[in-house]
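Following: one structure in structure tokens, then a few remarks.
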Amino acid sequence: MGRLKHWIAKLSIRQKLVFYSYAIITPILLLISILLLLHNYRSAVRNEENRCIQNVRNISDSISVVQKNIMEMGTYISINDEIRQILTADDPKELNRDARLWQNRAPMQIIQDMVAIDGQIKSVALYPENGINPYLNCIDRSSSYLGDMDQVRETHIYSLAVQEKGKFLWQRVGRCKNDQNDTYQVNQNDKIVMYREIYDRARKNKLGYLVIGSSAEIFDEICQNSLRGRQESVVVMSRYGAELVRCGDIEDGLLSDIIAESGAEMTGREKVRKSVSGIYNIYQCQDEDTGTIVYEIVRRVGWKDLSDTIIFAPLALLIGFLAGLYPVLLLVSDLVSKPLHTLRIAMENFMQGDFSQKVEVMTQDEVGQASAGFNRMVDDIRALIDKNYVLAIKERESELDTLQAQINPHFLYNTLDSLYWKATESGNDEIAEDILSLSQLFRLVLNRGDGIVMVRSEAELLERYLHIQKMRFGRRLTYEISLEPCILEEEIPKLILQPFVENAIVHGFESAEGIYTLSVTGRKEEENMVFCIEDTGIGMSGEQLEAIWDKADARKYASQRIGRYAIKNVRERLELIYHEHYELRIESRVGRGTTVHIVVPCGLKEIRQNGH
């Protein structure tokens with residue numbers, strides 16, 4: 001920093017104008033560029049998020065359309081009266097004798113026509129629970145279902161279908177050959193399979209188990225076509241966590257987290273929920289009808305992913321503006337520096353003793369005013385040079401008088417301390433104690449530190465003040481200060497108790513005869529401190545109490561340290577610090593004394609930090 005100041009000091013006015021202009025303008029332009037960059041970045045992130053939200057909705061809609069076509073066929077099979085008659089028949093052996101039972105007594109030809117028209121469904125199986133031979137139909141000729149109901153009952157997916165009480169379940173079934181799985185004995189093509197247990201209308205008795213397999217190719221295409229690059233992945237899962245489709249590169253650990261999250265179903269139709277896992281944003285959309293959940297996993301947009309326009313446009317604008325600003329600053333600096341150069345030469349000649357120097361005033365701006373001021377200065381110096389020494393001597397004398405009039409409060413403290421030790425050495429302990437009390441009172445009152453003190457310090461001030469007053473009144477005055485220990489370390493505004501104590505003595509005791517008592521108590525009630533100053537003085541009438549708060553009379557008492565002005569001062573400080581969270585109440589009757597109640601919250605430090 002020192003070297004920089006030394007370097008700047010060597011610059012000419014023209015160079016300084018250019019330097020300071022750049023020093024001021026460059027941070028402003030840099031801030032604007034940063035704000036523009038942040039705005040562009042946030043816009044890019046927001047646009048990317050909106051695109052992902054719309055994309056995951058589109059995927060969910062497309063998959064939902066395919067699934068609902070399959071579900072409609074499943075619903076048709078489940079509610080068809082002819083099929084239900086077979087599923088509820090009591091003589092399965094008799095019906096099993098008919099090899100074409102399903103074609104003769106059920107609308108299977110219609111179902112086959114619907115399958116052929118749709119083109120997506122590849123296999124349909126219906127397993128009756130009453131022992132009738134199942135209906136098994138694999139359209140693509142590359143698959144074969146489990147042969148009987150006993151094998152089906154041993155599968156895990158069947159158990160889930162029974163638990164779901166007629167709801168549709170979805171599962172992806174991969175290729176298998178000569179090795180049966182939950183659905184097929186042989187399967188040459190990946191399929192998305194729908195399962196459903198058929199119940200009677202009361203949902204108590206199981207009638208049959210329906211399995212419809214569709215080609216997984218169209219599900220894969222929907223998800224694959226939605227991907228925009230290697231930064232994205234799509235995972236489709238069933239309601240109970242079975243993976244239906246996976247497209248794109250995705251870490252197994254991240255996929256495990258997604259599977260764990262898929263157990264919590266979303267509310268609302270196709271509502272999109274966003275979550276974050278590491279460096280990825282995960283957009284989740286669940287179809288209310290099918291229960292299928294679509295996840296789109298996208299790497300979060302970073303600074304490196306932004307286009308050149310977003311990153312370099314603000315920087316190019318900054319550099320271009322600073323470069324174009326240079327010739328403008330040179331032109332402006334010339335207009336300012338040339339008159340200053342002329343003025344500088346005149347000042348140098350004046351410093352050499354040439355008091356005839358004058359500068360031609362060409363403009364009315366600051367430089368012209370400085371030149372005119374220089375000319376006036378030259379004329380004035382001639383007239384003042386003879387009087388300069390006399391004025392300088394008088395000024396030094398005035399400064400000396402001012403210094404002698406300034407008395408440091410510490411001088412007063414040290415003097416009182418010296419008197420204390422002299423009284424102690426002389427054996428006048430009572431006088432020594434009084435001097436010590438007065439010294440400590442001055443220290444507490446005249447201290448120019450913070451206007452906030454601890455209750456313990458305010459109590460010490462009261463003790464010293466009353467001790468001194470005890471010297472005046474003797475046995476006529478008895479006092480007691482009783483503060484609960486729990487509030488001694490709390491903070492209060494300085495001098496909010498002493499003015500009331502002083503007011504009680506000056507106005508309540510001084511002008512009357514007799515023995516008077518004054519007590520100061522303090523306690524904690526919930527989150528507040530309650531102080532009570534009670535005396536047995538002459539008291540006040542109702543009109544006098546009202547006059548204390550009379551704003552019109554406030555100026556009359558502005559020069560007094562006690563009386564109405566001191567009380568109003570305390571109230572104003574309490575209101576400034578505590579706002580409406582305080583209470584100041586005065587109760588008094590003529591001849592019965594006066595009681596002052598002050599209630600303030602505890603924790604003044606926190607109140608000051610919070611600003612209320």
Side-chain angles (χ1 to χ4, degrees), residues 48 50-74 114-125 137-143 157 168-177 181-184 186-195 211-252 254-255 258-259 262 269-270 272 280-299:
E48 176 68 11
N50 292 335
R51 184 196 69 81
C52 293
I53 291 174
Q54 187 59 44
N55 192 40
V56 75
R57 283 177 176 168
N58 292 338
I59 297 172
S60 180
D61 288 341
S62 300
I63 292 178
S64 177
V65 170
V66 178
Q67 287 184 307
K68 286 178 180 178
N69 288 336
I70 301 172
M71 291 168 62
E72 288 176 358
M73 175 170 288
M114 292 170 61
V115 170
I117 293 173
D118 181 87
Q120 176 62 26
I121 297 176
K122 300 302 180 182
S123 60
V124 178
N137 185 11
C138 294
I139 310 302
D140 58 2
R141 306 294 181 183
S142 63
S143 305
I157 192 65
F168 293 94
L169 300 182
W170 299 90
Q171 180 173 274
R172 186 184 185 101
V173 179
R175 299 180 182 182
C176 61
K177 188 175 182 180
N181 56 23
D182 278 3
T183 308
Y184 299 100
V186 177
N187 182 36
Q188 298 297 333
N189 300 309
D190 286 358
K191 292 181 177 63
I192 303 298
V193 183
M194 184 214 71
Y195 307 87
V211 182
I212 300 178
S214 62
S215 174
E217 183 177 353
I218 188 170
F219 291 85
D220 295 340
E221 288 180 358
I222 292 173
C223 298
Q224 192 66 44
N225 293 337
S226 68
L227 299 181
R228 207 172 55 162
R230 298 180 61 185
Q231 302 286 340
E232 300 182 7
S233 301
V234 174
V235 177
V236 181
M237 293 186 176
S238 66
R239 182 174 58 249
Y240 60 92
E243 181 182 329
L244 303 181
V245 181
R246 187 198 300 195
C247 293
D249 297 331
I250 179 173
E251 300 175 358
D252 292 337
L254 180 60
L255 182 59
I258 294 175
I259 293 174
S262 65
R269 184 174 181 81
E270 296 190 355
V272 177
Y280 296 98
N281 289 330
I282 301 173
Y283 300 88
Q284 175 184 353
C285 182
Q286 182 174 12
D287 186 87
E288 188 179 39
D289 297 328
T290 65
T292 301
I293 307 173
V294 178
Y295 295 91
E296 182 173 8
I297 301 95
V298 183
R299 182 184 291 270

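All heavy atoms count here, side chains included; hydrogens, waters and symmetry mates do not.
- For the residue pair Ile218 and Gln120, the shortest heavy atom distance occurs at CG2-NE2, 2.9 Å.
- To the nearest 0.5 Å, atom CH2 of residue Trp170 and atom CG of residue Leu244 are 8.5 Å apart.
- Side-chain atoms of Cys223 and Ile63, non-hydrogen and from C-beta on, do get closer than 4.5 Å to each other.
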Practice problem: Check the pair Glu232 / Val234 against side chain to side chain contact (heavy atoms under 4.5 Å, CB included), numbers first and verdict last. | Solution: CA-CA 7 Å; Glu232 300 182 7; Val234 174; over 6 Å; no
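- In this structure, Gln67 and Asp287 have side chains that are not in contact, with every pair of non-hydrogen atoms separated by 4.5 Å or more.
- With respect to Asp220 and Arg172, a salt bridge is recorded, a charged nitrogen being found less than 4.0 Å from a carboxylate O.
- Of all heavy-atom pairs spanning Ser214 and Ile70, the tightest one is OG-CD1, 3.3 Å.
- The shortest distance between side-chain heavy atoms of Arg175 and Asp190 falls below 4.5 Å.
- One finds the OG1 atom of Thr292 at 12.0 Å from the CE atom of Met237 (value rounded to the nearest 0.5 Å).
- Considering every non-hydrogen atom in both Tyr283 and Val56, the closest pair reads O-CG2, 3.7 Å.
- Heavy atoms only, all atoms of each residue included: Arg239 and Thr290 are closest at NH1-O, 3.7 Å.
- Side-chain atoms of Leu227 and Cys247, non-hydrogen and from C-beta on, do get closer than 4.5 Å to each other.
- For the atom pair Ser60 OG and Glu296 CD, the distance stands at 12.0 Å (nearest 0.5 Å).
- Once rounded to the nearest 0.5 Å, the distance linking CD1 of Ile117 with CG of Asn69 reads 12.0 Å.
- In this structure, the side chains of Ile222 and Val66 come closer than 4.5 Å at one or more pairs of heavy atoms.
- When all heavy atoms are compared, the tightest approach of Ser226 to Asn55 is O-ND2, 3.3 Å.
- Atom OG of Ser215 is separated from atom CD of Glu221 by 8.0 Å, given to the nearest 0.5 angstrom.
- A donor-acceptor pair shorter than 3.5 Å can be found between the side chains of Ser123 and Tyr184.
- Side chains of Gln54 and Asn50: a donor-acceptor N/O pair is absent below 3.5 angstrom, by distance only.
- By the 4.5 Å heavy-atom criterion applied to side chains, Val173 and Gln171 are counted as neighbours.
- With values rounded to the nearest 0.5 angstrom, Met194 atom CE is found 9.0 Å from Leu169 atom CG.
- Side-chain contact between Glu48 and Val298: present, with at least one pair of heavy atoms (C-beta onward) separated by less than 4.5 Å.
- Using a 4.5 Å heavy-atom threshold, the side chains of Met114 and Ile121 count as separate.
- The shortest non-hydrogen separation linking Ser238 to Ile293 is O-CD1, 4.4 Å.
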